[in-house]
Asker: 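Please see the structure below; I have some questions.
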Amino acid sequence: MARVLVVGSGLTGAACAALLRCRGVGRLSVWDKARGAGGRMSTIRGARDTACAADLGAQYVTLEPERAGPRLSFYEELLSEGILQPLSAPVEGMVVKEGSCNYMAPQGMSSVVKYYLKQSGADVFYEHHVTSISLQDGKWEVSRKMGPPEQFDIVILTMPVPQILQLQGDIANLISESQRQQLEAVSYSSRYALGLFYEAGRDIDVPWAMRYISDHPCLRFVALDSRKRNGESPEVGPSVVVHTTVMFGSEHLDSDPTEVQQLILGHLEELVPSLPKPASTKCHKWRYSQVVRAMPNCPGQMILHTQPLLICGGDGFTHSSFDGCLRSAVSLAEAVKSHL
C-alpha cells in the first residue's frame, strides 16, 4: 500500500486527505510546521482562559451557489454536522453579493479543518517543518528541521507557493523552467491579525459583531468574535479580532512584532474608545494572507514529477476563498487517484 504524505494541515490539505481516504488511497500522513491545525483558518485560545477563543485568519465562509457547483455537497455536509451555521450576527460595511450565503463556525474556523482531518484517518504530526525533498530508491525522502527524514511514495504539497519554491533537495531541479515561472507569478497579500481576550463578565458595548473599515491607514476589519459565533456567555470572556490593511501589513512586514502590536492597539483605541483593556493578546503576521494573483488558468494543482508522484496545490492554484481551497483539494485527489 502506497505511503502518502500531505504537507500542510490547512483546508486544502485536510480536505484532500479526507477525499483520498474515501478513494482508498494508501496510508496517509499529514505534516504541518505549526503547533496545530487550521492554516489560514486558525482558531487560537486566550492565554488565561482556553475557553475564550478567536479566529485569527478566515472569519466566515461565503457560499456562492453558481460558483461552487459540484462542491455544494461539502457545504451541505458541514451544515448538517453543525460545523457551520448561518451567520446571523450584525455586520457593518459588508458587501453582500446577491444569492450568496455566509456561514460561521460555532467552534471556530479551525473546527472545519479538524473535521476533515478526522474524516481522513491520517496520522497527523505538528511541528514537522519540511525543508527538503529528494529522490531516494524510487521514493521521496522528505527531511524536516528536527527529526530523521522519512520516505513516501506520494507527496502532496499544500503550503503557500513561495514556501514550495524555498524547498531544498532534488525538488529544486525537478521543477521545469516553465513551471517555475508560473509558480513565481503567484503572489499574496500580507497583513497582521491581533486577537484580544477578556476575562469572564467583561462587557464590550458595540452594536455590531463585525465591522469593515474603509479609508483607515491601519485597520481594515474588527470583529467581536464571540458574538459572531453566537458564543457570548457570562462564564466565558469575550474575544476581539483585528485585521490590518494590506498596506500596513506590507510596510511593517519585517518590523518588531511588539511594536506592531502597540501600533494596532493605538489605532484600535481611537476607533473603539470604549474597548476595555484585554487580559491577554496574540499578534500574528500573515505573510501569505490572501492570493492576489493565482496560477494562470486556475488548474487547481500542478504535477512536478510523475513517478513517484510529487504534486502541489492550494488556493494559489485556484482563487483565495473557502471554495478555492475545496476546488484545489478535489483536483489534487483526482490527480493522485489517476496516477495510481
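Every heavy atom of this structure was used, including side-chain atoms; hydrogens, water molecules and symmetry mates were not.
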Asker: Does W208 reach the side chain of R211, with side-chain heavy atoms less than 4.5 Å apart?
Answerer: yes
Asker: In the structure I gave you, are the side-chain heavy atoms of C16 and I156 within less than 4.5 Å of one another anywhere?
Answerer: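 When only atoms from C-beta onward are counted, I156 and C16 do touch, with a gap below 4.5 Å.
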Asker: Do the side chains of K139 and E150 get close enough for a salt bridge, i.e. N-O under 4.0 angstrom?
Answerer: no
Asker: Decide yes or no on side chain to side chain donor-acceptor pair (under 3.5 Å) for S280 and R48, but give the supporting numbers first.
Answerer: CA-CA 7 Å; S280 65; R48 299 187 181 182; 5.9 Å; no
Asker: May I ask you to test the K337-V25 pair for a side-chain heavy-atom distance under 4.5 Å?
Answerer: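 Yes, side chains in contact.
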Asker: Can you tell if the side chain of L78 reaches within under 4.5 Å of the side chain of V112, non-hydrogen atoms only?
Answerer: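 Yes, their side chains come closer than 4.5 Å.
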Asker: Evaluate H129 against W31 for ring-ring contact (aromatic ring centres under 6.0 Å, His included), listing each step before the verdict.
Answerer: CA-CA 8 Å; H129 188 168; W31 288 9; over 10 Å; no
Asker: Is it true that R144 and E127 have a side-chain N and a carboxylate O under 4.0 angstrom from each other?
Answerer: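 Salt bridge between R144 and E127, a charged N being under 4.0 Å from a carboxylate O: no.
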Asker: Assess the pair Y75 and F322: is the distance between their ring centroids shorter than 6.0 Å?
Answerer: yes
Asker: Looking at H305 versus W140, is the centre-to-centre ring distance below 6.0 Å?
Answerer: yes
Asker: So does Q166 get a backbone contact from the side chain of Q168, meaning a donor-acceptor N/O pair under 3.5 Å?
Answerer: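 Present.
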Asker: Is it true that D225 and R229 have a side-chain N and a carboxylate O under 4.0 angstrom from each other?
Answerer: yes
Asker: Look up atom CD1 in I204 and atom OG in S226, then write down how far apart they are to the nearest 0.5 Å.
Answerer: 6.5 Å
Asker: What I'd like to find out is whether the side chain of Y115 reaches to under 4.5 Å of the side chain of V113, using heavy atoms alone.
Answerer: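 Y115 vs V113: side chains apart.
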Asker: Going by an N to O cut-off under 4.0 Å, is there a salt bridge joining D215 and R220?
Answerer: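 Not counted as a salt bridge, because no side-chain N and carboxylate O are separated by less than 4.0 Å.
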Asker: Only one of Q290, R327, R40 forms a side chain to side chain donor-acceptor pair (under 3.5 Å) with D315, so which one is it?
Answerer: R40
Asker: Between L135 and E141, is any pair of side-chain heavy atoms under 4.5 Å apart?
Answerer: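 Not in contact.
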Asker: Test T43 against S110 for side chain to side chain donor-acceptor pair (under 3.5 Å), laying out the working first.
Answerer: CA-CA 5 Å; T43 303; S110 68; 3.3 Å; yes
Asker: Stepwise, does the side chain to side chain contact (heavy atoms under 4.5 Å, CB included) test hold for V61 with N102?
Answerer: CA-CA 6 Å; V61 171; N102 294 310; over 6 Å; no
Asker: Less than 4.5 Å apart, side chain to side chain, heavy atoms only: is that true for L157 and V155?
Answerer: yes
Asker: Between D123 and R27, does any side-chain N to carboxylate O distance fall below 4.0 Å?
Answerer: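 No, D123 and R27 are not salt-bridged.
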Asker: Closer than 4.0 angstrom, basic N to acidic O: yes or no for D55 and K228?
Answerer: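 Salt bridge present between D55 and K228.
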Asker: Do C312 and L304 have side chains that approach each other closer than 4.5 Å (heavy atoms only, starting at C-beta)?
Answerer: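 Yes - at least one pair of side-chain heavy atoms lies under 4.5 Å apart.
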Asker: Establish, from distance only, whether the side-chain atoms of Q301 and S328 form a donor-acceptor pair under 3.5 Å.
Answerer: no
Asker: Count the heavy atoms belonging to other residues, nucleotides or ligands that lie under 6.0 Å from CZ of R202, then report whether that count exceeds 12.
Answerer: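 Incorrect, the count does not exceed 12.
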